[in-house]
Visitor: 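Below are the structure tokens for one structure; questions will follow.
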Amino acid sequence: MPWYKDWFNTDAYDLVYRNRNEAEALRLVELILDTCRPNPGARVLDVGCGRGRHAMAFAERGFDVTGVDLAQRALEIARKSAADRGLSIHFEQGDMRDVHAPAAFDLVVNLFTAFGYFTEHEEHLRVVSALRSAAKPGAWVVQDFMNADLVRRTFIPEDERTIGDVHVHQKRHVEPGNGAFDRICKQITLTRNGDAHTFNESVALIALDDFRGLYEEAGLTLEHVFGSYDGAPFGPDSPRLILFSRS
């Protein structure tokens with residue numbers, strides 16, 4: 001089974017990434033809205049919505065939001081969180097490689113490195129093409145990804161930490177793509193009272209020029225690139241790669 005079909009449904013994922021920042025998600029949503037300026041009540045599609053941080057931020061600003069994710073447990077958490085906040089968001093299970101409602105959305109987003117999971121170039125192109133197809137003609141498609149070049153330059157092969165009574169040991173290596181994108185692979189071992197469980201992550205190291213090529217193949221025109229959630233220009237040391245494109 002591919003790693004992404006299991007990992008995002010685990011309690012271990014929630015523990016390892018428990019510090020994901022709501023304020024950070026809000027800054028990204030504000031950057032998107034300031035740049036794209038969708039009309040009030042516009043339809044927003046969040047592909048790879050996970051536990052719904054960004055979908056809820058859009059909904060709280062009055063947009064008609066649909067969130068799609070493959071992980072059923074993540075969707076259950078997102079639905080409960082939205083209900084607790086009194087938000088009406090349509091969450092549904094789906095594969096990001098499949099087109100969701102062709103030409104139906106005013107804004108399509110794919111955020112926080114919810115991309116690069118696959119091993120073949122054609123699958124990544126299929127995802128980008130599906131994002132474009134879900135957008136209305138001329139509508140924005142926004143992707144937020146890691147700065148792959150910075151990740152390579154600041155690579156940390158191994159680290160350890162303790163969260164409560166759980167010891168977390170992470171080992172990383174870069175796997176050559178052999179014709180596809182290189183990948184950063186992470187092995188995560190969680191140990192509690194001597195009982196150890198190991199999980200894996202693997203994400204393609206896709207750089208700005210690689211995205212340019214994917215967008216050209218998919219029929220998207222890249223119009224803006226930012227390097228942080230505060231809207232700083234993208235550069236070699238930028239923490240993020242945030243791409244705004246339109247068909």
Visitor: Taking all non-hydrogen atoms of both residues into account, name the closest pair between H54 and L111 and its distance.
Guide: CG-CD1, 3.6 Å
Visitor: For the residue pair R240 / T113, report whether a side-chain donor-acceptor contact shorter than 3.5 Å exists.
Guide: yes
Visitor: So, D210 side chain and A207 main chain: donor-acceptor pair closer than 3.5 Å or not?
Guide: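 Answer holds: yes.
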Visitor: Under 3.5 Å, is there a donor-acceptor pair between the side chain of S247 and the main chain of G138?
Guide: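 Yes.
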Visitor: With a 3.5 Å distance limit and no angle check, can you tell me whether T35 reaches the backbone of I32 through a side-chain donor-acceptor pair?
Guide: no
Visitor: Can you tell me if R183 uses its side chain to pair, donor with acceptor, with the backbone of V174 under 3.5 Å?
Guide: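 Side chain of R183 to backbone of V174: no pair is present.
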Visitor: Can you name the nearest heavy-atom pair linking M56 to A82, along with the distance?
Guide: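 So the two residues come closest at SD-N, 3.6 Å.
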Visitor: Taking C-beta and beyond as the side chain, do H197 and T189 meet within less than 4.5 Å on heavy atoms?
Guide: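 SC-SC contact between H197 and T189 ruled out.
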Visitor: Within a radius of less than 6.0 Å around CD of E216, do more than 12 heavy atoms belonging to other residues, nucleotides or ligands occur?
Guide: no
Visitor: How about E92 and H90: does a side-chain donor come under 3.5 Å of a side-chain acceptor?
Guide: yes
Visitor: Which heavy atom of L190 sits nearest a heavy atom of V16, and at what distance?
Guide: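 Smallest heavy-atom distance, with atoms named: CD1-CG2, 4.0 Å.
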Visitor: Does D144 reach the main-chain N or O of F112 with its side chain, forming a donor-acceptor pair under 3.5 Å?
Guide: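 Pair found, side chain donor or acceptor close to backbone of F112.
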Visitor: Using modelled atom types and a 3.5 Å cut-off, is there a donor and acceptor pairing between side-chain atoms of N147 and backbone atoms of P239?
Guide: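 No; zero donor-acceptor contacts below 3.5 Å.
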Visitor: I'd like to know if E22 and R85 make a salt bridge, using a cut-off of under 4.0 Å between side-chain N and carboxylate O.
Guide: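 A salt bridge is present here (some side-chain N lies under 4.0 Å from a carboxylate O).
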Visitor: Hey, mind stepping through V166 and T191 against side-chain contact (heavy atoms from CB on, under 4.5 Å) and telling me if it holds?
Guide: CA-CA 6 Å; V166 180; T191 304; over 6 Å; no
Visitor: Report yes if some heavy atom in the side chain of D230 is under 4.5 Å from a heavy atom in the side chain of L31; otherwise report no.
Guide: no
Visitor: Apply side-chain contact (heavy atoms from CB on, under 4.5 Å) to residues V109 and L45 and explain how you reach the verdict.
Guide: CA-CA 6 Å; V109 300; L45 175 64; over 6 Å; no
Visitor: Nearest 0.5 Å, please: how far is CD1 in I89 from OG1 in T66?
Guide: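 One finds 9.5 Å between OG1 of T66 and CD1 of I89.
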Visitor: Supply the atom-to-atom distance H121 NE2 to L125 CG, rounded to the nearest 0.5 angstrom.
Guide: 5.0 Å
Visitor: Grouping I, L, V, M, F, W and Y whenever their side-chain heavy atoms are under 4.5 Å apart, do F145 and F234 come out in a common cluster?
Guide: yes
Visitor: Heavy atoms only: give me the nearest F105-A101 pair and the separation to one decimal.
Guide: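 The answer is CE1-CB, 3.9 Å.
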Visitor: Would you call R51 and D69 a salt bridge, using N to O less than 4.0 angstrom?
Guide: no
Visitor: Is the backbone N or O of A78 less than 3.5 Å from a side-chain atom of S81, with the two atoms forming a donor-acceptor pair by type?
Guide: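 No; judged by distance alone, with no hydrogens or angles, the pair does not exist.
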Visitor: Would you call the rings of F211 and Y215 parallel, tilted or perpendicular if under 30° counts as parallel and over 60° as perpendicular?
Guide: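 F211 vs Y215 ring planes: perpendicular.
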Visitor: Using the six-membered ring wherever Trp is involved, compare the ring planes of H124 and F181 and label them parallel, tilted or perpendicular (cut-offs 30° and 60°).
Guide: tilted
Visitor: In terms of side-chain geometry, is the basic nitrogen of R153 or D149 positioned less than 4.0 Å from the acidic oxygen of its partner?
Guide: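 Salt bridge between R153 and D149, a charged N being under 4.0 Å from a carboxylate O: no.
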Visitor: Are the side chains of I184 and M146 in touch, meaning some heavy atoms are under 4.5 Å apart?
Guide: yes
Visitor: Do E158 and R172 sit within salt-bridge range, that is, some charged N less than 4.0 Å from a carboxylate O?
Guide: no
Visitor: Cation-pi check, R27 to Y229: give yes when NZ or CZ is under 6.0 Å from the six-membered ring centre and within 45° of the ring axis, no otherwise.
Guide: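 Judged by the rule, R27 and Y229 form no cation-pi pair.
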Visitor: For L243, which of L222, L220, V141 qualifies under side chain to side chain contact (heavy atoms under 4.5 Å, CB included)?
Guide: L222
Visitor: Examine distances only and state if a side-chain atom of Q143 and a backbone atom of N110 form a donor-acceptor pair shorter than 3.5 Å.
Guide: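 Answer holds: no.
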Visitor: Given W3, which partner from the list F118, F199, Y117 fulfils the ring pair (Phe, Tyr, Trp, His ring centres under 6.0 Å) test?
Guide: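 By the ring pair (Phe, Tyr, Trp, His ring centres under 6.0 Å) criterion, W3 pairs with just one of F118, F199, Y117: Y117.
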Visitor: Please test I188 against N200 for side-chain contact (heavy atoms from CB on, under 4.5 Å), starting from the C-alpha separation and ending with a verdict.
Guide: CA-CA 6 Å; I188 306 164; N200 293 288; over 6 Å; no
Visitor: Can you tell whether the side chains of R73 and D6 come within less than 4.0 Å, N to carboxylate O?
Guide: no
Visitor: For the ring pair F8 and Y13, is the centre-to-centre distance below 6.0 Å?
Guide: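 Between Y13 and F8, which both carry aromatic rings, the centre distance is below 6.0 Å.
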Visitor: Tell me whether the count of non-hydrogen atoms from other residues, nucleotides or ligands lying under 6.0 Å of NZ in K171 goes above 12.
Guide: no
Visitor: Same cluster or not: L26 versus L107, using hydrophobic residues (I, L, V, M, F, W, Y) connected whenever any side-chain heavy atoms lie under 4.5 Å apart?
Guide: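 No.
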Visitor: What heavy-atom pair brings N39 and F63 nearest, and what distance separates the two atoms?
Guide: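 The answer is O-CE2, 3.3 Å.
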Visitor: Go through the side-chain N and O atoms of T221 and S245 and say whether any donor and acceptor fall under 3.5 Å apart.
Guide: no
Visitor: Carefully, step by step, assess F244 and F226 under the rule ring pair (Phe, Tyr, Trp, His ring centres under 6.0 Å).
Guide: CA-CA 9 Å; F244 290 72; F226 297 109; 5.5 Å; yes
Visitor: Whether R192 and D195 form a salt bridge (side-chain N of Lys/Arg under 4.0 Å from carboxylate O of Asp/Glu) is what I want to check.
Guide: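 Answer for the salt bridge query: no.
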Visitor: Any salt bridge linking E120 with R126? Criterion: basic side-chain nitrogen under 4.0 Å from a carboxylate oxygen.
Guide: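 Looking at E120 and R126, the cut-off is not met.
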Visitor: To the nearest 0.5 angstrom, please state how far the CG atom of L205 sits from the SG atom of C185.
Guide: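 The SG atom of C185 is 8.5 Å from CG of L205, to the nearest 0.5 Å.
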Visitor: For a quick test of reading the model, state the closest non-hydrogen atom pair linking P38 to A42 and the distance between them.
Guide: CB-CB, 3.9 Å
Visitor: Do D14 and I77 make a side-chain contact, defined as non-hydrogen atoms from C-beta onward lying under 4.5 Å apart?
Guide: yes
Visitor: Hey, what do you get for CG (N9) to CD (E76), rounding to the nearest 0.5 Å?
Guide: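 The CD atom of E76 is 8.0 Å from CG of N9, to the nearest 0.5 Å.
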Visitor: With the side chain counted from C-beta on, respond yes when V47 and H100 share a heavy-atom pair under 4.5 Å apart, and no when they do not.
Guide: no
Visitor: With a 4.0 Å cut-off, would you call D106 and R43 a salt bridge?
Guide: no
Visitor: Is any side-chain heavy atom of C49 less than 4.5 Å from a side-chain heavy atom of V65?
Guide: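 No, too far: nothing below the 4.5 Å cut-off.
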Visitor: For the backbone of A130 and the side chain of D98, can you confirm whether one donor and one acceptor N or O come within less than 3.5 Å of each other?
Guide: no
